[in-house]
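The structure under discussion appears below in the form of structure tokens.
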2 protein chains.
Amino acid sequence: MSFMKFSKTTEYAFRILSFMAQDETKLYNVDEIFEKLRVPYRYLRKLMTNLTRSGFIVSIQGKNGGYKISRKTEEIRLLEILQAVDPEYLSGKCFFGFDNCALQVPCIMHDQWTIVRTNINNILAGTSLADVKQTKND
Amino acid sequence: MSFMKFSKTTEYAFRILSFMAQDETKLYNVDEIFEKLRVPYRYLRKLMTNLTRSGFIVSIQGKNGGYKISRKTEEIRLLEILQAVDPEYLSGKCFFGFDNCALQVPCIMHDQWTIVRTNINNILAGTSLADVKQTKND
DNA sequence: CATAAATGACACCTTGAGGTATTATATAAT
DNA sequence: ATTATATAATACCTCAAGGTGTCATTTATG
């Protein structure tokens with residue numbers, strides 16, 4: 001595990017939703033997304049179902065079916081996606097991983113580390129799919 | 001895997017070396033460190049050997065043996081420890097995990113993300129074992 | 001209605017991080 | 001020299017993330 005790197009699943013979710021945000025009315029099918037993003041095909045299928053369950057996209061089944069973004073792209077923040085895909089996101093509180101940190105006495109890195117995490121949180125909360133939809137995707 | 005959290009091994013390394021930095025001349029044995037830090041015993045044994053190979057501590061074998069910090073605690077930076085324990089640390093370049101990011105065109109989060117990572121790097125490079133040796137350790 | 005083209009469900013495989021068990025080796029003290 | 005007490009080496013176990021394979025279900029359309 002390398003520090004400061006999102007999980008593969010998180011990266012995939014960011015890529016998929018950013019791509020689909022390019023046309024928020026369009027119905028995308030899996031093959032089309034696969035062609036563009038090269039996420040492993042069957043894993044992509046599974047992820048699409050998960051993102052549907054999480055409410056970021058809606059799925060239309062049957063022939064000519066597919067997926068589309070469920071809400072205005074300005075309203076979907078990267079932080080919300082991260083939290084849905086990596087539910088433990090908030091668990092990394094202490095720099096040293098101490099369970100009791102900050103209950104009474106904080107560790108010596110506590111304040112400095114809190115600032116960093118707040119900073120990152122602000123970036124993720126301040127960035128919507130509308131902001132990233134024009135990113136390159138390779 | 002939760003984002004913004006060091007690996008267990010990294011956390012353990014930080015804890016062990018911070019603790020041992022409290023007395024940089026003392027020879028600590030594994031049981032003593034185990035009593036204080038509660039890192040799983042046999043994993044701790046393995047880690048001590050790795051930290052010895054990495055050069056942060058020196059080991060004295062045989063009866064009355066143990067480990068002690070190998071250099072001045074002001075000279076050992078947290079960044080150096082992280083790099084030794086998590087060699088892939090520098091590999092997390094692109095926010096979206098794109099391999100080709102920034103080769104020609106960077107992703108849309110690239111600059112913002114570089115600033116965050118530089119900030120963290122500066123913290124880790126600017127903090128030595130001497131700075132953290134007084135931290136609580138539970 | 002039958003078929004083709006799409007998603008859904010579910011079971012299984014693989015790999016690396018974290019953790020455990022056992023035996024070997026080094027050395028101080030008697 | 002022998003013994004007790006340290007670390008070193010090596011092989012194995014476990015579990016969750018990431019990835020794969022197969023079959024079921026839904027629905028537009030001829």
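Quick note on labels: first sequence line is chain A, next is B, and so on, each numbered from 1.
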Is there a side-chain contact between [X] and [Y] (heavy atoms, below 4.5 Å)?
{"X": "A:Cys101", "Y": "A:Lys93", "value": "no"}
{"X": "A:Gln22", "Y": "A:Asn137", "value": "yes"}
{"X": "B:Phe95", "Y": "A:Thr127", "value": "no"}

Check: Does OP1 or OP2 of C:dA17 have a side-chain N or O of B:Tyr12 closer than 4.0 Å?
Finding: no
Next item on the list: Would you mind telling me which residue lines up with the more 5' stretch of DNA chain D, B:Ser59 or A:Thr9, judged by nearest nucleotide?
Entry: B:Ser59
Check: Is a side-chain N or O of B:Ser54 found less than 3.5 angstrom from the main chain of B:Phe56, in a donor-acceptor match?
Finding: no
Margin query: Determine whether a donor-acceptor pair (N or O, by modelled atom type, separation under 3.5 Å) exists between the side chain of A:Asn122 and the backbone of A:Asn119.
Written below: no
Notebook entry, point to check: In residues 21-31 of chain B, which residues come under 4.0 Å of DNA chain C by heavy atom?
Noted result: none
Atom pairs under 3.5 Å, N or O on each side, protein against nucleotides 26-30 of chain C: can you list them with distances?
from: C:dA26; atom 1: O4'; to: B:Gln61; atom 2: OE1; distance (Å): 3.3
from: C:dT27; atom 1: O2; to: B:Lys63; atom 2: N; distance (Å): 3.3
from: C:dA28; atom 1: O3'; to: B:Asn64; atom 2: ND2; distance (Å): 3.0

Item checked: For A:Asp138, salt bridge (charged side-chain N to carboxylate O under 4.0 Å, His left out) partners two or more places apart -> A:Lys136
Checklist line | Residue-level proximity of residues 34-53 of chain B to DNA chain D when a heavy atom falls under 4.0 Å | finding: B:Arg45, B:Lys46, B:Thr49, B:Arg53
[X] [atom1] - [N] [atom2] separation (whole Å):
{"X": "B:Asp86", "N": "C:dA17", "atom1": "CG", "atom2": "P", "value": "9 Å"}
{"X": "A:Lys5", "N": "C:dA17", "atom1": "NZ", "atom2": "P", "value": "14 Å"}
{"X": "B:Glu11", "N": "C:dG18", "atom1": "CD", "atom2": "C1'", "value": "12 Å"}
{"X": "B:Phe6", "N": "C:dG18", "atom1": "CZ", "atom2": "C1'", "value": "18 Å"}

Donor-acceptor pairs under 3.5 angstrom involving side-chain atoms of residues 30-44 of chain A: please list them, not counting sequence neighbours.
from: A:Asp31; atom 1: OD2; to: A:Tyr41; atom 2: OH; distance (Å): 3.4
from: A:Glu32; atom 1: OE1; to: A:Asn29; atom 2: N; distance (Å): 3.3
from: A:Glu32; atom 1: OE2; to: A:Lys26; atom 2: NZ; distance (Å): 2.5
from: A:Tyr43; atom 1: OH; to: A:Thr9; atom 2: OG1; distance (Å): 2.8

Next item on the list: Please list, chain by chain and in numerical order, all residues satisfying side-chain contact (heavy atoms from CB on, under 4.5 Å) with A:Val58, sequence neighbours excluded.
Entry: A:Lys68, A:Ser70
Next item on the list: Apply side-chain hydrogen bond (donor to acceptor under 3.5 Å, both in side chains) to B:Ser128 and B:Asp131, showing your working.
Entry: CA-CA 5 Å; B:Ser128 73; B:Asp131 296 321; 3.3 Å; yes
Note to self: Quick check: closest heavy atoms across B:Met48 and B:Met20, and the distance to 0.1 Å?
What the structure shows: CE-SD, 3.9 Å
Note to self: Are A:Trp113 and B:Phe6, when compared by the centres of their aromatic rings, separated by less than 6.0 Å?
What the structure shows: yes
